[in-house]
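Atoms within a ligand are numbered from 1 in the order they appear, just like the ligands themselves. Side chains are part of it too, since the values below use all heavy atoms of this structure and drop only hydrogens, waters and symmetry mates.
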Amino acid sequence: MQFSDLGLTPELLKAIEEQGYSEPTPVQRKAIPPILLGRDVMAAAQTGTGKTASFTLPMLQRLKGHANTSVSPARHPVRALILAPTRELAAQVEESARTYGKHIPLRVASVFGGVPIDPQIAALRAGVEILVATPGRLLDHIQSKAVMFHAVEFLVLDEADRMLDMGFLPDIKRIIAMLPPKRQTLLFSATYSDEIRKLAGQWLHDPAQVEVAPRNAVTETVTHTVYKVDSRAKRDALVRLLRDRDMKQVLVFCNTKIGANRLAYRLQKDDLNAAAIHSDRTQAERMQALAEFKEGKVRILVATDIAARGLDIEQLPFVVNFDVPSNPEDYVHRIGRTGRAGLTGEAISLVASEDREYLAAVEKLIKKKLRVCDMPALERAAPKKMERAERTRPDAASRDIDPLFHQPYVSAVPSKPKPASDSKALGTVTKRKKEKQIAALFLPPASKPDA
Ligand code: AMP
């Protein structure tokens, strides 16, 4: 299904296209049609499922008729009120509404605590159609008469369960009591407790029910591979993987903008076709990098989590976590970029000792123990030696199966020939012979132990 099949207007389709989304997520597919029809909706969907767009897009469409460029505040009353539990979420929803509504002249603002109130009052007095708010700060504005609700047509309760957990119910009840009863109400909640159901029964009218898979469900079609790598050897490890696994298109995640920039730059210096996308790059630069990556002109796209949100690349076979994300949910987002639509994919993580703690958090979240494998001894072998060794070694598949080759680069690349006393310690002659044979496979002739 395409976004255009959902009946969205060209302005919204254009904004969606600019975001690089190719198809609606399940919650968008299920929630957008009833909202467009004017129905109340009760949706069980968490952050990460695309839920913000699922209510923002149809809401913008239904409010489009009110869009105007007048400077008069009276022409911009609050039409939609979105209540959210935290300032981060409120800011994020505001940003989404601006992004999706960029071709429709409706005003958007958010109000939340912890920041000066005066600029918020000024924004409210100037007039705003879509207001995103945390309940406590909104009540402050109501008290100071900075905001009126007579024209509200939409109420969205985002992360309703979290708002209840945070003790906002009395505030929400007070706010709802001030809204016009004839309105469209949308309730989004990660979980449905009895209390949420009861409140939904009071606040919503004959709601359409929408449910989608929880965000922490990682797709079964993705294989997770975890390599233990010294942090200084990660780039070499990546280069090695690119070559060994014949990666033609790979999305590589770094935790920081600086890290992503540095990695892309160094890969480019190694004559590898890499580009970086992160929030310091302009939207145009990001779009270009993404387009080139999709077309196959760029082989390695190095991204941060923020920039990669919403990236949808068809048939992406590999995702590499150059850094394990500090927020475990990002792991789910990252690997969700591969193995889409039933296709198989592989998520490879390079784990240094400092990443271990993050890996444990990921395992806890996805309820899966990930086996940590040794990376072929990149830390020890100089790249040139590896090149030579590569031409003579057996193919990658046999390495995986044959236990002799399981850690070949670790055991078989001594920097110097073993002294005789060591040979004794190794045990039988057969074992020694085996070692030499293995070494011979991986070392250039000049550095063979027996040369
Ligand atoms: P949300 O669940 O609203 O927090 O959205 C999670 C992320 O998914 C956001 O970064 C959105 O930009 C992104 N997103 C929303 N809709 C889509 C889509 N149809 N395709 C790809 N990414 C999307």
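Heavy-atom neighbours of I258 CD1 from other residues, nucleotides or ligands within 6.0 Å: at or below the threshold of 12. No more than 12 heavy atoms of other residues, nucleotides or ligands shown are found within 6.0 angstrom of CD on E357. In the displayed structure, E17 atom CD is contacted under 6.0 Å by at most 12 heavy atoms of other residues, nucleotides or ligands.
Taking 4.0 Å as the cut-off, E23 counts as a neighbour of ligand 1 on heavy-atom distance.
Using a 4.0 Å cut-off to heavy atoms of K51, the atoms of ligand 1 that qualify are 1 (P), 2 (O), 3 (O). Atoms of ligand 1 found under 4.0 Å from any heavy atom of T25 (numbered from 1 in listed order, with element): 17 (C), 18 (C), 19 (N). For ligand 1, the atoms lying closer than 4.0 Å to a non-hydrogen atom of F3 are 19 (N). Every atom of ligand 1 is numbered from 1 in the order shown, and the set under 4.0 Å from a heavy atom of T52 is 1 (P), 3 (O), 4 (O).
Taking the ring centroids of F188 and F55, they lie under the 6.0 Å cut-off.
In this structure, the side chains of K234 and D355 come closer than 4.5 Å at one or more pairs of heavy atoms.
By heavy-atom distance, the residue among Y21, F188, F55, Y100 lying nearest atom 14 (N) of ligand 1 is Y21.
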